[in-house]
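Atom set for the values below is all heavy atoms of this structure, side chains included, hydrogens, waters and symmetry mates excluded. For this chain, numbers begin at 1 and follow the sequence in order. All of these numbers come straight from a predicted model, not from anything done at the bench.
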Amino acid sequence: MSFIKFVDQNPEAVEKDLHDDILEGNPKQFSWMMYDGHQQAIRSGVWDSTAGKFTAVMDGIVEFCHILKGSATIKTGDGKSYDVAAGDAFVMTAGLETEWTVDNYIKKHFVIVAVDNLPPQDAD
């Protein structure tokens, strides 16, 4: 068992390869993994992105996000659009297709859970 306080961690920044995901601009994204456990079934850390438009699919994962700085507009596959900014928290469920528009910068805490071995999602 362990207690992991993010401020006490010093992980290396890892740049995400966005080659296939960029729709506009030249966004740069980095993540700092603070926790990676249960054979990568649960991951948590900090992520940021510079300005641009890009896609992200929740492929076999559920992600909880808490925006720390900046803002973005997230358009989902059903055509709905959500504005998120510092202080907002939300969950993206497995299978969700998203298109992020970041005007300047965004930074978030995240928790990702792989859903392959979990029971099916409850009906909405």
S.K.: Could you tell me the separation between the OG atom of Ser71 and the CD1 atom of Ile106, rounded to the nearest 0.5 Å?
M.R.: 6.5 Å

S.K.: Can you pull out every ring pair (Phe, Tyr, Trp, His ring centres under 6.0 Å) where at least one residue sits in residues 58-85? Sequence neighbours excluded, please.
M.R.: none

S.K.: With sequence neighbours excluded, tell me which residues meet ring-ring contact (aromatic ring centres under 6.0 Å, His included) with Phe6.
M.R.: His109

S.K.: Mind running side chain to side chain contact (heavy atoms under 4.5 Å, CB included) on Ile74 and Trp100 for me, showing each step along the way?
M.R.: CA-CA 5 Å; Ile74 303 170; Trp100 290 62; 3.5 Å; yes

S.K.: Above 12 or not: heavy atoms from other molecules or residues under 6.0 Å from CG of Asp36?
M.R.: yes

S.K.: About how many Å separate NZ of Lys69 and CG of Asn104, when rounded to the nearest 0.5 Å?
M.R.: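 If I round to the nearest 0.5 Å, the distance is 13.5 Å.
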
S.K.: Going from OG1 on Thr73 to CG on Asp83, what distance comes out if it is rounded to the nearest 0.5 angstrom?
M.R.: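 If we round to the nearest 0.5 Å, Thr73:OG1 and Asp83:CG are 4.0 Å apart.
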
S.K.: Looking at every heavy atom in both Lys108 and Cys65, which two are closest together, and how far apart are they?
M.R.: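 So the minimum-distance heavy-atom pair works out to NZ-SG, 3.5 Å.
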
S.K.: If you measure only the distance, is there a donor-acceptor pair under 3.5 Å linking the side chains of Trp47 and Ser49?
M.R.: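 Not at all, the side chains of Trp47 and Ser49 share no donor-acceptor pair under 3.5 Å.
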
S.K.: Any heavy-atom pair between the side chains of Leu23 and Thr55 that's under 4.5 Å?
M.R.: yes

S.K.: Strictly distance-based, threshold 3.5 Å: is any side-chain N or O of Ser31 a donor or acceptor partner for the main-chain N or O of Val46?
M.R.: no

S.K.: Would Val91 and Val84 show up in the same hydrophobic cluster when neighbours are defined by side-chain heavy atoms closer than 4.5 Å?
M.R.: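 Val91 does not cluster with Val84.
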
S.K.: May I have all residue pairs that pass salt bridge (charged side-chain N to carboxylate O under 4.0 Å, His left out) and include part of residues 93-107, sequence neighbours excluded?
M.R.: Lys53-Glu99

S.K.: According to side chain to side chain donor-acceptor pair (under 3.5 Å), who are the partners of Asp48, at least two apart in sequence or on a separate chain?
M.R.: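 Partners of Asp48 by the side chain to side chain donor-acceptor pair (under 3.5 Å) criterion, ordered by chain and then number, come out as Tyr105.
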
S.K.: Applying side chain to side chain contact (heavy atoms under 4.5 Å, CB included) to Ile61 and Arg43, what does each step give before you reach the verdict?
M.R.: CA-CA 10 Å; Ile61 62 171; Arg43 296 175 282 156; 4.2 Å; yes

S.K.: Check step by step if side chain to side chain contact (heavy atoms under 4.5 Å, CB included) holds for Val111 and Tyr35.
M.R.: CA-CA 9 Å; Val111 177; Tyr35 177 79; over 6 Å; no

S.K.: Hey, quick one: are Met33 and Ile4 part of the same hydrophobic cluster, counting side-chain heavy atoms closer than 4.5 Å, chains of contacts allowed?
M.R.: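 Each belongs to a different hydrophobic cluster.
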
S.K.: Hey, could you give me each pair passing side-chain hydrogen bond (donor to acceptor under 3.5 Å, both in side chains) that has a residue in residues 5-26? Not counting sequence neighbours.
M.R.: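 Qualifying pairs, neighbours excluded: none.
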
S.K.: Looking only at heavy atoms, which two atoms of Ile22 and Gly25 are closest? And how far apart?
M.R.: CG2-O, 3.5 Å

S.K.: If you link I, L, V, M, F, W and Y whenever their side-chain heavy atoms are under 4.5 Å apart, who else ends up in the same group as Val57?
M.R.: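 Members besides Val57: none; it forms no cluster.
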
S.K.: Out of curiosity, Ser44 OG to Met34 CE, how far, rounded to the nearest 0.5 Å?
M.R.: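 One finds 8.5 Å between OG of Ser44 and CE of Met34.
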
S.K.: Quick one, Val102 with Thr50, criterion side chain to side chain contact (heavy atoms under 4.5 Å, CB included). Give me CA distance, side-chain angles, the key distance, then yes/no.
M.R.: CA-CA 7 Å; Val102 177; Thr50 59; over 6 Å; no

S.K.: If hydrophobic clusters are built by linking Ile, Leu, Val, Met, Phe, Trp and Tyr wherever their side-chain heavy atoms come under 4.5 Å apart, do Met58 and Ile67 end up in the same one?
M.R.: yes

S.K.: Would Ile112 end up clustered with Trp32 when hydrophobic side chains under 4.5 Å apart are linked, directly or stepwise?
M.R.: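 Ile112 does not cluster with Trp32.
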
